[in-house]
Amino acid sequence: MQRLTVEGIRQEAQLREMLREPAQSLRRGGLVAFPTETVYGLGANALVEEAVRRIFEAKERPRDNPLIVHIAQDEQLRDVIDESQPLHEDAVRLMRAFWPGPLTLLLPAGARLAPSVHPGQPLVGVRMPDHPVARALIAEAGVPVAAPSANRSGRPSPTTADDVEADLGGQVDWLIDGGPCPIGVESTVLLLEPDCARILRPGGVTQEMIASVIDRPVLYAADAFDVSSAPLAPGMKYRHYAPNASVHVWWGAPEAIDEAMRAFLLEAVQDDEVGEVMVPALIAPDDFVRRFGWALSDERQAALPADAYAEELARHLYRLLRAFDRAGATDVLVHGVDPTHGVGAAVMNRLYKASAGRVRWVG
């Protein structure tokens, strides 16, 4: 693996010059890990089946789990979608409003795409990342890039280059270090249906933001966690985002959350007496930590700013889950957020998956 650091560089011409070699590798079938505004992606030439299959092998990813294709310019759409099917005017509106950005649209798949990109599905997820390194790399490569998160399948997604190296260091040809990812959770995946727009995976572009652009209902998919059928989009099936530790989430009134967490720990202390020792970690707003006197060790406690807790939790969730694993935590206690508003939907979706459904509302 070759590692290239470009953190802090924003000028496109300079970036493209620095990224020439990894872009050539990408075009020729190599695997290149690179930063986006959401998480680090594991990229392969979306038009080359052998290259795309390397993604599944490197990640140990189930073969029926589709990939998102990333483009740098609108012109690259012609290589990705079926141009015989005109884009819906709402799709065009959404592209204009949120591209580049963390919105993935499901569109009719074109014949040039490698079949493994959208296994058994007529649609393919497409987005234009809002990160200068990602767009410079894709533009220099001159091909659309299939790229899921650059981690072993099921693990927390990587938000730093070190995370990628820890999971996949021996599996990639190039690792582009562009610094930490600013958003921290994956893109929103949206399907335009005849009478509504359906969010299959919540992300950085929220329900409210989408509804402000198009004149149709914007709903969450009722079957987003259905494991009985082939998934239309990443994140709809299989275990995702999970650390080695068990994750437990409570949301609701702060007093009730504190009471529930302490009851959980008390029960664990009783289990300790028969040999099952718990090493807890905590993620919560800073005012909650101060108010209720939480005091775990520094490496196992994260007090995030209360005035922007949902956004900070999104940005730091995967990093903290990985850090708590390194600190030896057995159980991670998380103060959740309102899943019905803003980025809270994305955060709670990831926590639901990471915790295997151990999410409780307490009044």
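Since the model is a prediction, treat every value here as computed from it, not as a measurement.
Counting heavy atoms from C-beta on, the side chains of Val32 and Val172 never come closer than 4.5 Å. Thr159 places none of its side-chain heavy atoms less than 4.5 Å from the side chain of Pro180. Taking the side chain as every heavy atom from C-beta outward, Ile138 and Pro144 never approach each other to under 4.5 Å. Two residues are said to be in side-chain contact when any heavy atoms from C-beta on lie closer than 4.5 Å; Phe292 and Pro254 meet this criterion. Taking 4.5 Å as the limit, some side-chain heavy atom of Leu317 sits within range of a side-chain heavy atom of Leu351. The closest side-chain heavy-atom distance from Pro148 to Lys59 is below 4.5 Å. No side-chain heavy atom of His248 sits less than 4.5 Å from a side-chain heavy atom of Val334. Here the side chains of Tyr220 and Gln207 are in contact, with some heavy-atom distance below 4.5 Å.
Partner of Leu106 under the side chain to side chain contact (heavy atoms under 4.5 Å, CB included) criterion, chosen from Leu200, Ile68, Leu190: Leu200. With His335 as the fixed residue, the ring-ring contact (aromatic ring centres under 6.0 Å, His included) test singles out one of Tyr309, Trp250, Trp251: Tyr309. If you run side chain to side chain contact (heavy atoms under 4.5 Å, CB included) between Glu37 and each of Ser187, Cys181, Pro129, only Pro129 comes through.
In terms of heavy-atom proximity, Pro119 sits nearest to Pro66 at CD-CA, 3.9 Å. Of all the heavy atoms in Asp325 and Ala245, the pair that sits closest is OD1-N, 3.1 Å. Looking at every heavy atom in both residues, Asn151 comes nearest to Arg155 through ND2-O, 3.0 Å. The two residues Met209 and Gly204 make their nearest non-hydrogen contact at SD-O, 4.0 Å. The heavy-atom pair separating Glu60 from Ser153 by the smallest distance is O-CB, 3.5 Å. Nearest approach of Gly344 to Val337, heavy atoms of both residues: CA-CG2, 3.7 Å.
For Phe34 and His131, the ring centers are positioned 6.0 Å apart or more. In this structure, Tyr241 has its ring center closer than 6.0 angstrom to the ring center of Tyr318.
Linking ILVMFWY residues whenever their side-chain heavy atoms come closer than 4.5 Å, directly or via other members, places Val213 and Val92 in the same cluster. Residues Leu105 and Leu113 are members of one and the same hydrophobic cluster, defined by side-chain heavy-atom contacts under 4.5 angstrom among Ile, Leu, Val, Met, Phe, Trp and Tyr.
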Salt bridge (Lys or Arg N to Asp or Glu O under 4.0 Å) assessment of Asp82 paired with Arg112: CA-CA 9 Å; Asp82 181 355; Arg112 294 192 63 195; over 6 Å; no

Salt bridge (Lys or Arg N to Asp or Glu O under 4.0 Å) between Asp331 and Arg300, worked out: CA-CA 10 Å; Asp331 295 82; Arg300 291 188 287 107; over 6 Å; no

Please assess Arg16 against Glu12 for the test salt bridge (Lys or Arg N to Asp or Glu O under 4.0 Å), listing each intermediate value before the final yes or no. CA-CA 6 Å; Arg16 289 187 64 160; Glu12 183 182 1; 3.8 Å; yes

Stepwise salt bridge (Lys or Arg N to Asp or Glu O under 4.0 Å) check, Asp195 with Arg216: CA-CA 7 Å; Asp195 58 350; Arg216 65 168 80 187; over 6 Å; no

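Side-chain contact check for Asp162 and Thr160: no donor-acceptor pair (N or O, by modelled atom type) lies under 3.5 Å. A donor-acceptor pair shorter than 3.5 Å cannot be found between the side chains of Asp79 and Gln76. Between Glu208 and Thr206, the side chains place a donor N or O and an acceptor N or O closer than 3.5 Å (distance only, hydrogens not considered).
Considering only residues two or more places apart in sequence or on other chains, Arg262 meets the salt bridge (Lys or Arg N to Asp or Glu O under 4.0 Å) condition with Asp258.
We find the CZ-CZ distance between Phe264 and Arg358 to be 8.0 Å, quoted to the nearest 0.5 Å. Of the inter-residue distances, the one linking Asn45 atom CG with Arg27 atom CZ reads 9.0 Å to the nearest 0.5 angstrom. For the atom pair His88 NE2 and Leu94 CG, the distance stands at 10.5 Å (nearest 0.5 Å). Thr36 OG1 to Glu186 CD: the interatomic distance, rounded to the nearest 0.5 Å, is 9.0 Å. Between Ile9 atom CD1 and Gln14 atom CD the span is 4.5 Å, to the nearest 0.5 Å. One distance of note links CG of Asp163 with OG of Ser149; it measures 11.0 Å at 0.5 Å rounding.
Within 6.0 Å of the CG atom in Asp298, the count of heavy atoms belonging to other residues, nucleotides or ligands does not exceed 12.
By the 30° and 60° cut-offs, the orientation of the rings of Trp294 relative to Phe288 is parallel.
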